[in-house]
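Some notes on the structure that comes next.
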Amino acid sequence: MNWPVLKDKKWWISFLLTLLLSITAILLAAFENEFWVLALILSISVSAVGVKRATTLTYKTRE
C-alpha cells in the first residue's frame, strides 16, 4: 500500500463494503440462508474492483 491509495475515498468505500458483505455472507451461511452465495459473489466482485483501483492509483503516481 502507498499513500495515494490510503487517501482515496472510493477505495475505502470498496474496502468497507467488501468487509461488510463478507461478514454478511458468513452470518447468512451460519443461519443456513441461501443468499450467502450472492453476498459472497458481490463481495468478491467489489474486492476485485477495489484492487483494480488501487493498482491504477499506485502505478499512475509512479509515472
Side-chain angles (χ1 to χ4, degrees):
M1 291 281 187
N2 56 13
W3 189 243
V5 176
L6 294 175
K7 289 191 307 184
D8 189 50
K9 290 182 180 164
K10 288 183 183 178
W11 181 82
W12 276 109
I13 291 170
S14 71
F15 178 73
L16 294 174
L17 189 59
T18 299
L19 189 63
L20 182 68
L21 284 168
S22 298
I23 292 170
T24 303
I26 291 170
L27 289 174
L28 288 173
F31 291 112
E32 298 178 6
N33 191 328
E34 297 295 323
F35 289 113
W36 71 270
V37 178
L38 178 64
L40 185 64
I41 291 171
L42 287 173
S43 173
I44 292 170
S45 300
V46 171
S47 177
V49 170
V51 168
K52 182 172 173 45
R53 180 161 180 83
T55 303
T56 303
L57 288 171
T58 301
Y59 291 116
K60 185 175 161 184
T61 56
R62 287 187 183 175
E63 294 176 353

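Along the sequence shown, the residues carry numbers beginning at 1.
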To the nearest 0.5 Å, what is the distance between [atom1] on [X] and [atom2] on [Y]?
X: Ile13; Y: Asp8; atom1: CD1; atom2: CG; answer: 8.5 Å
X: Lys7; Y: Asn2; atom1: NZ; atom2: CG; answer: 9.5 Å
X: Leu57; Y: Trp3; atom1: CG; atom2: CH2; answer: 13.5 Å

Problem set entry | Donor-acceptor pair, side chain of Trp12 and main chain of Leu6, under 3.5 angstrom | yes
Less than 3.5 Å apart, which donor and acceptor atoms pair up between the side chains of residues 39-51 and the rest of the protein, not counting sequence neighbours?
from, atom 1, to, atom 2, distance (Å)
Ser43, OG, Thr18, O, 3.4
Ser43, OG, Ser22, OG, 2.9
Ser45, OG, Ile41, O, 2.9

For this session: Would you kindly confirm whether Leu20 and Val37 end up in one hydrophobic cluster when ILVMFWY residues are joined by side chain heavy atoms under 4.5 Å apart?
Result: no
Exercise. When clusters are formed by joining ILVMFWY residues with side-chain heavy atoms under 4.5 Å apart, either directly or through shared neighbours, do Leu19 and Leu27 land in the same one?
Worked result: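 Yes; Leu27 is reachable from Leu19 via cluster members.
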Problem set entry | Pairs where residues 26-42 contributes a residue and the test side-chain hydrogen bond (donor to acceptor under 3.5 Å, both in side chains) is met, not counting sequence neighbours |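 Applying side-chain hydrogen bond (donor to acceptor under 3.5 Å, both in side chains) to every pair that reaches into residues 26-42, excluding sequence neighbours, yields nothing.
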Exercise. Knowing that exactly one of Thr58, Thr55, Thr56 qualifies, which makes a side chain to side chain contact (heavy atoms under 4.5 Å, CB included) with Val5?
Worked result: Thr58
